[in-house]
Chemist: 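The structure follows.
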Amino acid sequence: MKKLLLVAVILISNYSHSQRNVILIIADDLGKDYCDIYPDHAPITVHLTNVRRLIPNGVVFNNAWSNPLCSPTRAGILTGRYSFRTGVGDVVDGANPKLSLSEYIIPKVLNLYSPNGIAKACIGKWHVTTAAAAGYNYPNTLGFDHYEGCLAGALGQPGQLTIGYNNWTKVTNGVVSNSTTYATTENVNNAISYISNLNTVNPTKPFYLHLAFNAPHTPYHLPPSNLIAPTTLSGTQADITANPKPYFQAMVEAMDTEIGRFFDYLQTSGNWANTDIIFIGDNGDDSLIAQSSPSKGSIYQGGVTVPFIISGPDVVNPNRTSDAQVHTADIFATILELFGDTNWQAQIPSTVVDSHSLLPIILNNATSTRPWVFTEVFRTTPLSSDGKAIRNATYKLLKFANGSEKFFNLAINPNESNDLLLSNMSSVDITNYNYLCTEMANLVGTGITCTTLNNDYFLNTTNEIYVIENPFESKIQLQNIPIDAFFELYSINGEQIFEGSDISSKDFSFLSKGTYFIKVIEQKKVFKIIKN
């Protein structure tokens with residue numbers, strides 16, 4: 001009897017391993033602040049009743065970053081690569097760059113690891129290419145066995161064939177049709193149908209399911225009544241335009257309801273206990289409903305901080321939170337390694353991948369996997385808000401495409417209102433600035449200038465030089481200037497603006513607002529001044 005029990009245990013163990021599945025669920029335009037699963041949520045929230053079912057078996061990540069826009073985030077998830085490598089720095093639309101066919105995305109690498117050994121499906125929003133550029137079967141060409149959903153960025157987007165969540169253009173493995181089923185419901189219908197068919201045809205084959213909802217992306221609307229609590233919302237366009245937040249909340253609630261139906265199916269079909277599930281948002285909230293500003297599209301916290309949960313049988317010591325710095329691009333390596341492919345980099349040796357597997361955190365073997373996270377946005381038609389940002393556990397540095405920069409201590413200033421570069425920085429501040437700027441420059445390779453700061457830059461106690469007006473408007477007025485004094489004026493980026501002995505007579509009204517440094521050559525001292 002003992003031998004029979006031992007054999008049974010071994011068989012169950014082997015069966016469970018062969019049946020291990022991974023599901024990635026993406027909510028579109030859902031930032032962290034609306035999610036009641038986080039204690040630091042904003043005043044208005046949505047009760048994620050069914051998403052919360054992941055917590056007892058999972059890890060909730062408190063410091064997850066994405067890209068500021070959906071296409072770059074999705075390209076990063078699929079490839080594990082930052083936008084400056086994929087070229088996708090803007091929403092994929094029209095002439096904007098698309099994800100290249102040469103990229104190694106998750107399903108393609110899984111097939112290299114286990115040829116035809118893992119089923120791979122993408123259901124829902126794609127938005128890393130356009131049909132006009134690559135045809136309707138682009139997801140299949142890149143490695144998915146099955147695709148079913150909307151290729152475009154939004155249901156009801158101008159210029160598309162879609163009308164809205166109840167009447168939209170659907171693509172199934174390259175074949176175009178029209179769907180009048182509510183899109184969030186149809187996504188779950190398709191996911192259930194795919195897994196059900198797979199279980200019938202090949203019940204022992206593990207699967208990877210990429211389930212990407214269009215919700216709660218615009219157009220805002222009133223979802224079907226069976227998916228939300230009773231409401232007094234009228235659903236008229238006038239009311240939606242005047243008061244969009246409750247409609248956004250209703251769309252998130254409807255998505256959560258359908259996620260619950262999907263989870264119920266996984267349980268009744270026997271797939272719940274052997275499936276790891278990842279839930280994320282792809283970027284911050286849209287500005288129409290955002291509770292913090294700047295929001296979606298910006299490299300401030302409101303644009304890149306997203307909900308992130310990993311739950312399932314691989315999580316050791318579940319029902320915990322993690323303060324690790326993580327990025328949505330880390331999903332790439334994490335999914336591959338959850339399937340056992342720990343040698344994935346050798347399968348794509350010529351490709352630089354930025355993804356850090358979160359498996360050490362999942363297995364409770366480490367509290368972090370990277371010292372910093374990075375994000376960026378660059379549009380085809382540049383905006384002043386374009387730029388790059390990098391943060392560690394405490395500090396965040398933002399460098400904008402127009403040459404300006406900001407530096408924050410997120411531990412004491414999470415709303416990014418106090419730019420440390422406009423104040424007297426401590427030695428700890430300076431050390432972190434130098435570190436983050438250097439790491440960003442080393443990562444990107446070009447276009448990032450770092451001025452190495454030291455404490456001397458912030459000494460302003462000399463008896464020989466005194467800045468009368470600081471901040472200044474146009475002229476830098478100094479007292480007690482030595483006869484032989486020679487000055488150099490530098491921007492925060494280290495660019496020399498002026499050199500000479502007559503600095504007080506010069507008009508600097510042309511300078512942009514921000515921080516500058518005056519170097520007194522004879523005294524070997526540097527003084528920080530601020531231009532208003």
Chemist: Establish, from distance only, whether the side-chain atoms of K32 and Q301 form a donor-acceptor pair under 3.5 Å.
Modeler: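 Their side chains do not contain a donor-acceptor pair, so the 3.5 Å distance test is not met.
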
Chemist: Are the side chains of L48 and D36 in touch, meaning some heavy atoms are under 4.5 Å apart?
Modeler: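 Yes, their side chains come closer than 4.5 Å.
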
Chemist: Would F248 and T218 count as a side-chain contact (heavy atoms from CB on, under 4.5 Å) if you check the C-alpha gap in whole Å, the side-chain angles of each, and the deciding distance to 0.1 Å?
Modeler: CA-CA 8 Å; F248 172 83; T218 55; over 6 Å; no

Chemist: Between I123 and L209, does the side-chain contact (heavy atoms from CB on, under 4.5 Å) criterion hold? Intermediate values first, please.
Modeler: CA-CA 7 Å; I123 304 292; L209 174 62; 3.6 Å; yes

Chemist: Apply side-chain contact (heavy atoms from CB on, under 4.5 Å) to L227 and E253, showing your working.
Modeler: CA-CA 7 Å; L227 300 181; E253 181 186 352; over 6 Å; no

Chemist: Write out all pairs satisfying salt bridge (Lys or Arg N to Asp or Glu O under 4.0 Å) with one or both partners inside residues 53-75, taking only residues at least two apart or from two chains.
Modeler: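 Matches after skipping sequence neighbours: D28-R74, R53-D264, R74-D282.
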
Chemist: Does a side chain donor of either N199 or K205 reach within less than 3.5 Å of an acceptor in the other side chain?
Modeler: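 N199 vs K205: no donor-acceptor pair found between side chains.
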
Chemist: Scan side-chain atoms only and decide if N189 and N187 contain a donor-acceptor pair under the 3.5 Å cut-off.
Modeler: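 Looking only at side-chain atoms, N187 and N189 do not form any donor-acceptor pair under 3.5 Å.
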
Chemist: Quick one: which residue pairs count as a salt bridge (Lys or Arg N to Asp or Glu O under 4.0 Å) with a foot in residues 101-116, not counting sequence neighbours?
Modeler: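 Every pair satisfying salt bridge (Lys or Arg N to Asp or Glu O under 4.0 Å) with a residue in residues 101-116: R81-E103.
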
Chemist: Report yes if some heavy atom in the side chain of N409 is under 4.5 Å from a heavy atom in the side chain of T394; otherwise report no.
Modeler: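 Result yes, sub-4.5 Å side-chain heavy-atom pair found.
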
Chemist: Decide whether T380 and N96 meet the rule of one side-chain donor and one side-chain acceptor closer than 3.5 Å.
Modeler: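 Indeed, the side chains of T380 and N96 share at least one donor-acceptor pair under 3.5 Å.
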
Chemist: Is it possible for you to check whether K120 lies under 6.0 Å from the centre of the six-membered ring of Y208, through NZ or CZ, and within 45° of that ring's axis?
Modeler: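 Relative to the ring axis of Y208, which defines the angle, K120 lies outside at least one limit.
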
Chemist: As a test of understanding, state which of T184, I26, L155, D29 forms a side-chain contact (heavy atoms from CB on, under 4.5 Å) with N214.
Modeler: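 Testing each of T184, I26, L155, D29 against N214, the sole residue satisfying side-chain contact (heavy atoms from CB on, under 4.5 Å) is L155.
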
Chemist: Does the side chain of N67 come under 3.5 Å of the side chain of N283 through a donor N or O and an acceptor N or O?
Modeler: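 Judged by distance alone, the side chains do not pair up.
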
Chemist: Pairing donors with acceptors under 3.5 angstrom, does anything connect the side chains of Y165 and E186?
Modeler: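 Short answer, no.
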
Chemist: Going by the salt bridge (Lys or Arg N to Asp or Glu O under 4.0 Å) test, which pairs reach into residues 341-351, not counting sequence neighbours?
Modeler: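 Non-adjacent pairs meeting salt bridge (Lys or Arg N to Asp or Glu O under 4.0 Å): zero.
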
Chemist: Have D90 and S71 got a donor and an acceptor in their side chains that come within less than 3.5 Å?
Modeler: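 Looking only at side-chain atoms, S71 and D90 do not form any donor-acceptor pair under 3.5 Å.
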
Chemist: Could you walk me through whether K406 and E416 pass the salt bridge (Lys or Arg N to Asp or Glu O under 4.0 Å) test, one step at a time?
Modeler: CA-CA 9 Å; K406 294 189 176 183; E416 299 170 293; over 6 Å; no

Chemist: Checking ring pair (Phe, Tyr, Trp, His ring centres under 6.0 Å) against W344, which of F332, F339, Y113 comes through?
Modeler: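 The ring pair (Phe, Tyr, Trp, His ring centres under 6.0 Å) with W344 is passed solely by F332 among F332, F339, Y113.
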
Chemist: With side-chain contact (heavy atoms from CB on, under 4.5 Å) as the test, pick out the partner of T334 among I362, V326, T369.
Modeler: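 That would be I362; it is the only one of I362, V326, T369 passing the side-chain contact (heavy atoms from CB on, under 4.5 Å) with T334.
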
Chemist: Could you tell me if the side chain of T328 sits less than 4.5 Å from the side chain of W65, heavy atoms only?
Modeler: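 Contact flag for W65/T328 side chains = no.
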
Chemist: Excluding sequence neighbours, so at least two apart, what forms side chain to side chain contact (heavy atoms under 4.5 Å, CB included) with P294?
Modeler: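 In terms of side chain to side chain contact (heavy atoms under 4.5 Å, CB included), with neighbours along the sequence ignored, P294 is linked to S298, Y300.
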
Chemist: Output all residues satisfying ring pair (Phe, Tyr, Trp, His ring centres under 6.0 Å) with H41, sequence neighbours left out; order by chain, then residue number.
Modeler: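 For H41, no residue satisfies ring pair (Phe, Tyr, Trp, His ring centres under 6.0 Å) once neighbours in sequence are set aside.
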
Chemist: Got a sec, which pairs hit salt bridge (Lys or Arg N to Asp or Glu O under 4.0 Å) with one end in residues 318-337, sequence neighbours left out?
Modeler: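 Those involving residues 318-337 are D330-R370.
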
Chemist: Can a donor-acceptor pair be found between the side chains of N137 and N173 at a distance below 3.5 Å?
Modeler: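 The criterion, which ignores hydrogens and geometry beyond distance, is not satisfied for N173 and N137.
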
Chemist: Decide if the gap between the ring center of F408 and the ring center of Y395 is smaller than 6.0 angstrom.
Modeler: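 That pair fails the under 6.0 Å test.
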
